[in-house]
S.K.: 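Right, I'll just put the structure down here and ask away after.
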Amino acid sequence: MFAYQFIFTAIFLVIILVATGCSHDAWHTDVENKPVDNQPFAILRTVISQELSGSVNAVAILPDSHLMLTGSGSILRRGNTLNLWDIANGRQIRIFIGHSKPVNAVAFSPDGRFALSGSADRTLKLWQMSTGQLIRTFTGHSNIVTSSDFSPNGHRAISGSLDNTLKYWDIDTGKALHTFDAYISGVKAVAFAPDGRNILSGGDNSLKLWDVTTNKMLRSFGPHSFEILAAAFAPNGKLAISGGGNEAILWNIETGAKISSFTRPGRYGEIKSVAFSPDGSKVILSGMHSTIWNVATGKRVQILTGHKTTANDVTFASKGKQTISSGSDGTVFVWDVDSGKWIVRMISTTDGEWSISTPDGYYNTSPEGKSAVHYASDTETFGFEQFESLFRRPDIIRARLAGDLTAGTPAPKLTRPPRVTLLNTRSFTTVNTDQAKYPLALNVISRDSVNTKTLRIFVNGKPTLEQAVSQPQQQFDLQIPLFNGPNRITAVAYDTKGFSSNQASVDVVANVPNMKKPTLYVMAVGISEYPKMPAESLEFAHTDAQHLVQALRQQKGKMFADVRDYTLTNKEATPQAITKGLNVLAQMDANDIAVIFFAGHGVQDKNGKFWYVTQEGDFTNPQNGGLDWQTLGNYLNRIKGRTILLLDACHSGSITNQTVVPNDELAAKFFSGGTGGVMVFSASKGRQSSLESPDIGDGAGFFTHYITQALSAKSKEADRNNNGFVEFMELVDYVSKTVNTESAGQQTPWLSRRELFGDLAIARVQ
């Protein structure tokens, strides 16, 4: 039984671009067939298999609004969510979690207050749009729910299922008013007539019209030469369309006569969805290549090419000027009807992250959404953050979605950053030495006629060497000073645009006699008791702090010459005592490492500022006796050693609205300012709670428990590269995946701020 450690949940996402600790073997890729116009390389969609929402099975638009719903999930992937998008601003604003299997159908109530979802878990669910809360679950189907629709008055719903039935529901009570049983191989499509009196159903090779007042079948349309997978009424209620296979047929509702048919090549993909434009003049048929047709002439007017698999659902938007398609490839496209070109492509992950991009490379993302899309050139890929200054343009995306397709054109030329190649070793390999310095030979190559300006070397994230680059291709032979023990040497080159190369790294384990090992400083703060709000007291925050200190003490004489700890729990953890400890850390040597840990309650004030709440404060006035991010950040900036900040507090994922990326400007600050860099690992994302449970260990918070496991009993499992040490990014990877799994997706730890280049070891494997 999970116990929620924190009670507040953020509704909207704070945009923070972060680095991810996922390993390469978790990815699969899908490259565009050809480069974008005027760009030297194509856009590569990179999918993290554990996080991608899977197939996007359904899409719905609330008429005369900017809201869109998508339903996701697949048998082989995680997901099973309902997602709410603001397509005017190009961002996802809410995720609904509750179905245990893929969501196959979504619909808005006519007034926009509710959403209805149908799932392979055999249920329908009714959701409150304003809060995201589940209102009611509709049960009664004995097989997968394939389709659903709201009645025009919003008080009734219809659903179709592979149990061969349609069910007619009372929205207010959740009861099935009638069951229509008239199919052999399942019902694949349902739709309400505009007046709400009749419904269409499709399945087998039969399209049927039903009267919901008498519950009788009025007419069967056909015969069909294909299995019907899609059906829709025209806005005037006088026409209907059925689709499946490679064909769709237009029908007269009153007479049952066939008016015309739309046939297309099989290579376009199976028709799974059909929709009329708001004025009824056009229809869209889904497919790998969806097609738009003129209803009056029966002629095809557009072919929409972009999905890598067949589109599962299609609809019109923006009063018929745009169409939207959702596909099994995990993407949602918004298309311009007049030109037939896609405007934006959207990707959503199971834990609420999202990414939106344009054909010419502009993008916007949620905190970790950047991990869904990368740039690619030949066999090399580049993260969005390497080009952020020019291409992260939500303003251009908004303008294009509003109809200005010329906004931001022509796009800046997307030049490739420099390339750094190690000459005496392969990148990301491990070598051993008994020397105090490592001979590093490397080559720096400028590309796309943009000169390289600077080469910088980092050791365990610490600025070490800086070299000017004066030639288009230049070799360097460097002597890199080492720490005693594990060293991650990282080389990064920067061009005159400020674009950074991909990192080239080598791990060097130094066993040098008489060389001093670094000292680890641990400051751990845990508050479980809150006298001013006793109902919000916690069980394990103070013991979490103690357990973390115990785990890190084990590294004395192994990773570190000494481990010095400063622990504050409950009433000891006053703002004055906390700042006193932070002042002590400012006296650290540049070669030392600090781990700072806060467990307890966190809250965001009305301005979105994150506060760590001590016993002197409460949720209504966190500034009284609280420690805010700006104050904490000021102390961290004084520390010359490398710093890891662990935050096990609600909203800790929203500690900063800065974008921290490995660009030239940031790197220059490291070399000139003498700071060691800060890694902030948060227990949960800004909108999530952190969890604690008596069933975890001897009772603990999920986040801290799995950190201590990665540093001790599970260190061998956390050591993904098998070099005998747990690096910080391996810790992030292990804890993030394990907590997300053990909490059933309710809590997702993430690296909310990164100011280190490369990585650093923090524990020797036991």
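Here the structure is a predicted model, which is why all the values come from computation and not from measurement.
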S.K.: Search all heavy atoms of Ser273 against all heavy atoms of Asp313 and return the closest pair with its distance.
M.R.: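 Minimum heavy-atom separation between Ser273 and Asp313: OG-OD1, 2.7 Å.
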
S.K.: Quick one: list whatever passes salt bridge (Lys or Arg N to Asp or Glu O under 4.0 Å) with Arg300, sequence neighbours left out.
M.R.: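 Arg300 satisfies salt bridge (Lys or Arg N to Asp or Glu O under 4.0 Å) with no residue once adjacent residues are dropped.
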
S.K.: Could you tell me whether the side chain of Asn164 and the main chain of Gly186 form a donor-acceptor pair under 3.5 Å?
M.R.: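 Here the side-chain-to-backbone pair exists.
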
S.K.: Do Leu67 and Ile93 have side chains that get closer than 4.5 Å, going by heavy atoms?
M.R.: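 Yes, side chains in contact.
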
S.K.: Taking atom CG of Leu124 and atom NZ of Lys167, what is their separation to the nearest 0.5 Å?
M.R.: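 Separation between the atoms: 10.5 Å.
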
S.K.: Keeping Thr146 on the side-chain end and Val187 on the backbone end, is there a donor-acceptor pair under 3.5 Å?
M.R.: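 Present.
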
S.K.: For the residue pair Leu69 and Ala107, what are the closest heavy atoms and their distance?
M.R.: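 What the structure gives for the nearest pair is CD1-O, 3.9 Å.
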
S.K.: How close do Gly340 and Gln302 get, counting heavy atoms only, and between which atoms?
M.R.: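 In terms of heavy atoms, the two residues are closest at CA-OE1, 3.6 Å.
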
S.K.: Just to verify, what does Thr315 make a side-chain contact (heavy atoms from CB on, under 4.5 Å) with, not counting sequence neighbours?
M.R.: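 Thr315: side-chain contact (heavy atoms from CB on, under 4.5 Å) contacts with Val59, Ile61, Ile324.
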
S.K.: So which heavy atom on Asn57 is nearest to which on Pro102, and how close?
M.R.: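 For Asn57 versus Pro102, the nearest heavy atoms are ND2-CB, 3.9 Å.
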
S.K.: Considering residues at least two apart in sequence or located in another chain, which fulfil the side-chain contact (heavy atoms from CB on, under 4.5 Å) criterion with Ser277?
M.R.: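 Partners of Ser277 by the side-chain contact (heavy atoms from CB on, under 4.5 Å) criterion, ordered by chain and then number, come out as Asp279, Ser281, Lys282, Phe316.
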
S.K.: With Asp395, which residues qualify under salt bridge (Lys or Arg N to Asp or Glu O under 4.0 Å), at least two apart?
M.R.: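 Partners of Asp395 under the salt bridge (Lys or Arg N to Asp or Glu O under 4.0 Å) test: Arg393.
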
S.K.: Val332 versus Met68: any side-chain heavy-atom pair under 4.5 Å?
M.R.: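 Heavy-atom side-chain distance check passes, below 4.5 Å.
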
S.K.: A side-chain contact here means heavy atoms from C-beta on lying under 4.5 Å apart; do Phe96 and Val103 qualify?
M.R.: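 The answer is no; the side chains never approach within 4.5 Å.
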
S.K.: Side-chain donor-acceptor pairs under 3.5 Å in residues 191-202, sequence neighbours left out?
M.R.:
| residue | atom | partner | partner atom | Å |
| --- | --- | --- | --- | --- |
| Asp195 | OD1 | Arg197 | N | 3.0 |
| Ser201 | OG | Tyr183 | OH | 2.7 |
| Ser201 | OG | Trp210 | NE1 | 2.8 |

S.K.: Side chains of Thr165 and Thr179 only: does a donor on one sit below 3.5 Å from an acceptor on the other?
M.R.: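 Distance-only check fails for Thr165 and Thr179.
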
S.K.: Keeping Asn364 on the side-chain end and Pro394 on the backbone end, is there a donor-acceptor pair under 3.5 Å?
M.R.: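 Not at all, since once roles are kept as given, no pair shorter than 3.5 Å links the two residues.
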
S.K.: Could you tell me if the side chain of His99 sits less than 4.5 Å from the side chain of Thr123, heavy atoms only?
M.R.: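 A side-chain contact exists here, since the closest heavy-atom pair is under 4.5 Å.
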
S.K.: Partners of Asp338 by salt bridge (Lys or Arg N to Asp or Glu O under 4.0 Å), sequence neighbours excluded?
M.R.: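 Expected list: none.
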
S.K.: Could you please spell out the steps behind the salt bridge (charged side-chain N to carboxylate O under 4.0 Å, His left out) verdict for Asp170 and Arg156?
M.R.: CA-CA 5 Å; Asp170 185 311; Arg156 300 287 187 267; 3.5 Å; yes

S.K.: In Å, rounded to the nearest 0.5 Å, how long is the span from CG of Leu304 to CH2 of Trp342?
M.R.: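 With rounding to 0.5 Å, CG (Leu304) is 13.0 Å from CH2 (Trp342).
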
S.K.: Going by the rule side-chain contact (heavy atoms from CB on, under 4.5 Å), which residues pair with Thr310 if we only count those two or more places apart in sequence or in a different chain?
M.R.: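 Only Lys272, Met288 meet the side-chain contact (heavy atoms from CB on, under 4.5 Å) criterion with Thr310.
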
S.K.: Can you name the closest pair of heavy atoms from Gly112 and Met129 and give their distance?
M.R.: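 In this case the closest contact between Gly112 and Met129 is O-CG, 3.4 Å.
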
S.K.: In terms of relative ring orientation, are Phe391 and Tyr362 parallel, tilted or perpendicular, with 30° and 60° separating the classes?
M.R.: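 It falls in the tilted class, 30° to 60°.
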
S.K.: Could you check Phe108 against Leu84 for side-chain contact (heavy atoms from CB on, under 4.5 Å), going step by step and ending with a plain yes or no?
M.R.: CA-CA 11 Å; Phe108 281 103; Leu84 179 65; 4.1 Å; yes

S.K.: With rounding to the nearest 0.5 angstrom, report the NZ to OG1 distance, Lys308 to Thr331.
M.R.: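 It is 9.5 Å, given to the nearest 0.5 Å.
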
S.K.: Is there a side-chain hydrogen bond (donor to acceptor under 3.5 Å, both in side chains) between Ser161 and Asn143? Walk through the geometry before answering.
M.R.: CA-CA 6 Å; Ser161 169; Asn143 208 327; 5.6 Å; no

S.K.: Would you mind checking if Arg400 and Asp360 are paired as a salt bridge, meaning a charged N to carboxylate O distance below 4.0 Å?
M.R.: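 Answer for the salt bridge query: yes.
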
S.K.: Is the shortest side-chain heavy-atom distance between Leu405 and Asp336 below 4.5 Å?
M.R.: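 Result yes, sub-4.5 Å side-chain heavy-atom pair found.
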
S.K.: Would you please name every residue forming a salt bridge (Lys or Arg N to Asp or Glu O under 4.0 Å) with Arg122, sequence neighbours left out?
M.R.: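 None.
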
S.K.: Once side chain to side chain donor-acceptor pair (under 3.5 Å) is applied, do any residues pair with Thr291, and if so which ones, sequence neighbours excluded?
M.R.: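 By the side chain to side chain donor-acceptor pair (under 3.5 Å) rule, Thr291 matches Arg264, Trp293.
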
S.K.: Quick one: does Asn104's side chain have a donor or acceptor within less than 3.5 Å of a partner on Val145's backbone?
M.R.: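 Pair found, side chain donor or acceptor close to backbone of Val145.
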
S.K.: Less than 4.5 Å apart, side chain to side chain, heavy atoms only: is that true for Leu166 and His178?
M.R.: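 Result no, sub-4.5 Å side-chain heavy-atom pair not found.
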
S.K.: Would you check, one step at a time, whether the test side-chain contact (heavy atoms from CB on, under 4.5 Å) holds for Val314 with Phe333?
M.R.: CA-CA 10 Å; Val314 290; Phe333 281 86; over 6 Å; no

S.K.: Report yes if some heavy atom in the side chain of Ser366 is under 4.5 Å from a heavy atom in the side chain of Gln92; otherwise report no.
M.R.: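 Sidechains of Gln92 and Ser366: no contact.
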
S.K.: Measuring only between side-chain heavy atoms, which start at C-beta, is Ser355 closer than 4.5 Å to Thr365?
M.R.: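 Of all side-chain heavy-atom pairs linking Thr365 with Ser355, at least one is under 4.5 Å.
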
S.K.: How long is the gap from CZ on Arg136 to OG1 on Thr173, to the nearest 0.5 Å?
M.R.: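 If we round to the nearest 0.5 Å, Arg136:CZ and Thr173:OG1 are 7.0 Å apart.
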
S.K.: Hey, can you pull the donor-acceptor pairs under 3.5 Å for the side chains in residues 234-250, sequence neighbours left out?
M.R.:
| residue | atom | partner | partner atom | Å |
| --- | --- | --- | --- | --- |
| Asn236 | OD1 | Lys238 | N | 2.8 |
| Ser242 | OG | His224 | NE2 | 2.8 |
| Ser242 | OG | Trp251 | NE1 | 3.0 |

S.K.: Between Tyr363 and Arg392, is a side-chain contact (heavy atoms from CB on, under 4.5 Å) present by the stated rule, with each step listed?
M.R.: CA-CA 5 Å; Tyr363 76 95; Arg392 190 174 189 182; 3.5 Å; yes

S.K.: Nearest 0.5 Å, please: how far is CG in Leu134 from CD1 in Ile97?
M.R.: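 Going from CD1 on Ile97 over to CG on Leu134, the span is 12.0 Å.
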
S.K.: Output all residues satisfying side chain to side chain donor-acceptor pair (under 3.5 Å) with Asp86, sequence neighbours left out; order by chain, then residue number.
M.R.: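 Here the qualifying residues are His66, Asn89.
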
S.K.: Show your reasoning for whether side-chain hydrogen bond (donor to acceptor under 3.5 Å, both in side chains) applies to Thr137 and Lys125.
M.R.: CA-CA 4 Å; Thr137 297; Lys125 292 183 184 291; 3.0 Å; yes

S.K.: CZ/Phe233 to CG/Asp149 distance, rounded to the nearest 0.5 angstrom?
M.R.: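 With rounding to 0.5 Å, CZ (Phe233) is 10.0 Å from CG (Asp149).
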
S.K.: Indicate whether any N or O donor in one side chain lies under 3.5 Å from an N or O acceptor in the other, for Asn312 and Ser328.
M.R.: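 Side-chain D/A pair, Asn312 to Ser328: present.
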
S.K.: When you look at Trp354 and Arg91, which way does the side-chain contact (heavy atoms from CB on, under 4.5 Å) test go after all the steps?
M.R.: CA-CA 7 Å; Trp354 54 269; Arg91 59 177 294 159; 3.4 Å; yes

S.K.: Looking only at heavy atoms, what is the nearest atom pair of Trp85 and Ile347, with distance?
M.R.: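 It is CH2-O, 3.9 Å.
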
S.K.: With distance as the sole test, does Gln128 use its side chain to make a donor-acceptor pair with the main-chain N or O of Ile135 at under 3.5 Å?
M.R.: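 The answer is no, because no donor-acceptor pair under 3.5 Å joins these two groups.
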
S.K.: Quick one: list whatever passes side chain to side chain donor-acceptor pair (under 3.5 Å) with Ser151, sequence neighbours left out.
M.R.: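 By the side chain to side chain donor-acceptor pair (under 3.5 Å) rule, Ser151 matches Asn153.
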
